[in-house]
Amino acid sequence: MDELLDTFDDTMQWTGTATRAEVHRQGLWHQTFHCWVLHRDVSGDALLLQRRHPTKDTHPNKLDVSCAGHLSAGENASDGVRELREELGIDVDFDKLHKAGVYTYSSAVGGVKDNEFCHVFVLIQEKPSFADYKPCVDEVSGLYLIRVSDLRTLYQSAVNQVTIQGFEMAHVGDRHDHTITVGLNDMAKYDALYYELLFATLDKLMGASA
């Protein structure tokens, strides 16, 4: 059964509900949850990237925000923590997340009209390892770490590519370490306002805990 989502007008006023397929076919505004996982350890600050599953209807195979998903009908931003559990296998309370803000995202690719109000958050993980995550193989096909400074230089076009490390997987427990060179074209596309929102939040968090 297709997931039922709340729908909104472009001022974020609720207008009703529709299935996910209808939402993407008609370009109806809806809510999503984004959470960037910030790894903090002695080697520096890095963000967790997921490789989206090749069957995804948006951005298949692209590297993307650590965790993201649609909010179902009746849910609000705090319910988004279930995505961390479902996609990455980690349980956290909502009050552990740091709110970056709400970003309005619009795209039209391959017949999918995607208009989202993205509730963006950051979760700080102190001295974590890849072993802490149990990604859902139906949602995620790999995890990588990118230094915050490297993502910033990519966004600013100071460099065209950076090298990142992580793993790919096809089955549960089947992990293969990879080191890859990537550019912005290898990642889900977000505009300058999204990155400014993200980096403003990261700068506050990294400065506060420095």
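Owing to the predicted nature of the structure, the values given are computational and were not obtained by experimental measurement.
Leu193 and Phe117 sit in two unconnected hydrophobic clusters of ILVMFWY residues. Membership requires side-chain heavy atoms under 4.5 Å apart, directly or through other members. Hydrophobic clustering (ILVMFWY, side-chain heavy atoms < 4.5 Å, transitive): Val112 and Val23 are in distinct clusters. Side-chain heavy atoms closer than 4.5 Å link hydrophobic residues (I, L, V, M, F, W, Y) into clusters, and following such links, possibly through other members, connects Val162 to Val65. In the hydrophobic clustering of ILVMFWY residues, with side-chain heavy atoms under 4.5 Å counting as a link, Met12 and Tyr103 come out apart.
Taking the six-membered ring where the residue is Trp, the centroids of Phe33 and Phe121 are separated by under 6.0 Å. When ring centroids are compared, Tyr133 and His39 come within the 6.0 Å threshold. The six-membered or imidazole ring of Tyr155 lies near that of Phe199, with a centre-to-centre distance under 6.0 Å. The six-membered or imidazole ring of His119 lies away from that of His34, with a centre-to-centre distance of 6.0 Å or more. Aromatic ring centres of Tyr105 and Tyr190 lie closer together than 6.0 Å.
Using modelled atom types and a 3.5 Å distance limit, the side chains of Glu116 and Thr32 yield a donor-acceptor pair. Counted by atom type alone, Thr19 and Glu22 present one or more donor-acceptor pairs between their side chains at under 3.5 Å. Neither side chain, Trp29 nor Asp10, offers a donor N or O lying under 3.5 Å from an acceptor on the other.
With rounding to the nearest 0.5 Å, the separation of CD1 in Ile90 from CZ in Arg85 is 10.5 Å. Here the NE2-NE2 distance, from His30 to His24, works out to 4.0 Å after rounding to the nearest 0.5 Å. Note: Leu28 CG to Arg20 CZ = 13.5 Å, rounded to the nearest 0.5 Å. One distance of note links CG of Leu151 with CH2 of Trp36; it measures 6.0 Å at 0.5 Å rounding. One distance of note links CG of Leu184 with CD of Gln161; it measures 10.5 Å at 0.5 Å rounding. Here the straight-line distance linking atom CD1 of Ile124 with atom CE of Met206 works out to 10.0 Å at 0.5 Å rounding.
Inter-residue side-chain proximity for Val120 and Leu197 is flagged as met; some heavy-atom pair is nearer than 4.5 Å. Two residues are said to be in side-chain contact when any heavy atoms from C-beta on lie closer than 4.5 Å; Arg52 and Pro60 fail this criterion. Looking at heavy atoms from C-beta onward, His70 lies out of side-chain contact with Glu75 at the 4.5 angstrom threshold. Contact of the Ile164 side chain with the Leu49 side chain is registered, since non-hydrogen atoms from C-beta on lie closer than 4.5 Å. Side-chain contact between Met187 and Asp64 is absent, with no heavy atoms from C-beta onward closer than 4.5 Å. By the 4.5 Å heavy-atom criterion applied to side chains, Asp138 and Thr55 are not counted as neighbours. The shortest distance between side-chain heavy atoms of Asn76 and Leu71 does not fall below 4.5 Å. Between Phe8 and Gln31 there is a side-chain heavy-atom pair separated by less than 4.5 Å.
Taking both residues in full, the closest heavy atoms of Glu3 and Ser72 are given as OE2-OG, 2.8 Å, listed atom of the first, atom of the second, then distance. Taking both residues in full, the closest heavy atoms of Val81 and Asp93 are given as CG1-C, 4.4 Å, listed atom of the first, atom of the second, then distance. Closest non-hydrogen pair, Gly183 versus Leu154, comes out as CA-CD2, 4.2 Å. Among all heavy-atom pairs drawn from Cys35 and Leu97, the shortest one is SG-CD2, 4.0 Å. Closest approach of Asp174 and Met169 over heavy atoms only: O-CB, 2.9 Å. Smallest separation of non-hydrogen atoms from Leu84 and Cys67: N-SG, 3.4 Å.
Between the side chain of Gln125 and the backbone N or O of Leu38 there is no donor-acceptor pair closer than 3.5 Å. Side chain of Asn115 to main chain of Gly27: a donor-acceptor pair is present (N/O by atom type, distance under 3.5 Å, no hydrogens or angles). Without hydrogens or angle criteria, His178 side chain to Ile180 main chain gives no donor-acceptor distance under 3.5 Å. A donor-acceptor contact shorter than 3.5 Å links the side chain of Thr7 to the backbone of Gly16.
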Please report the C-alpha distance between Leu5 and Thr17 in whole Å, then the side-chain angles of each, then the deciding distance to 0.1 Å, and finally whether the side chain to side chain contact (heavy atoms under 4.5 Å, CB included) criterion is met. CA-CA 5 Å; Leu5 308 179; Thr17 60; over 6 Å; no
Dump the intermediate steps for side chain to side chain contact (heavy atoms under 4.5 Å, CB included) on Lys62 and Asp186, then the final yes or no. CA-CA 6 Å; Lys62 294 287 189 178; Asp186 300 300; 5.7 Å; no
Begin with the C-alpha distance, continue with both residues' side-chain angles, and end with the deciding distance and a verdict on side chain to side chain contact (heavy atoms under 4.5 Å, CB included) for Ser66 and Gln50. CA-CA 5 Å; Ser66 317; Gln50 67 159 266; over 6 Å; no
Hey, mind stepping through Asp203 and Arg152 against salt bridge (Lys or Arg N to Asp or Glu O under 4.0 Å) and telling me if it holds? CA-CA 11 Å; Asp203 289 343; Arg152 195 190 302 268; 2.8 Å; yes
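Ring planes of Phe167 and Phe130: perpendicular class, angle over 60° (limits at 30 and 60°).
Shown here is Asn61, whose CG atom has more than 12 heavy atoms of other residues, nucleotides or ligands within 6.0 Å. The neighbour count for Asn185 CG, taken as heavy atoms of other residues, nucleotides or ligands under 6.0 Å away, does not exceed 12.
Ionic pairing of Asp91 and Arg82 is not present here: no N-O contact between side-chain nitrogen and carboxylate oxygen is shorter than 4.0 angstrom. At a threshold of 4.0 Å, the pair Glu168-Arg51 counts as salt-bridged, since one of the basic side-chain nitrogens sits closer than that to a carboxylate oxygen. A salt bridge between Arg40 and Asp45 is present, with a side-chain N of the basic residue lying under 4.0 Å from a carboxylate O of the acidic one.
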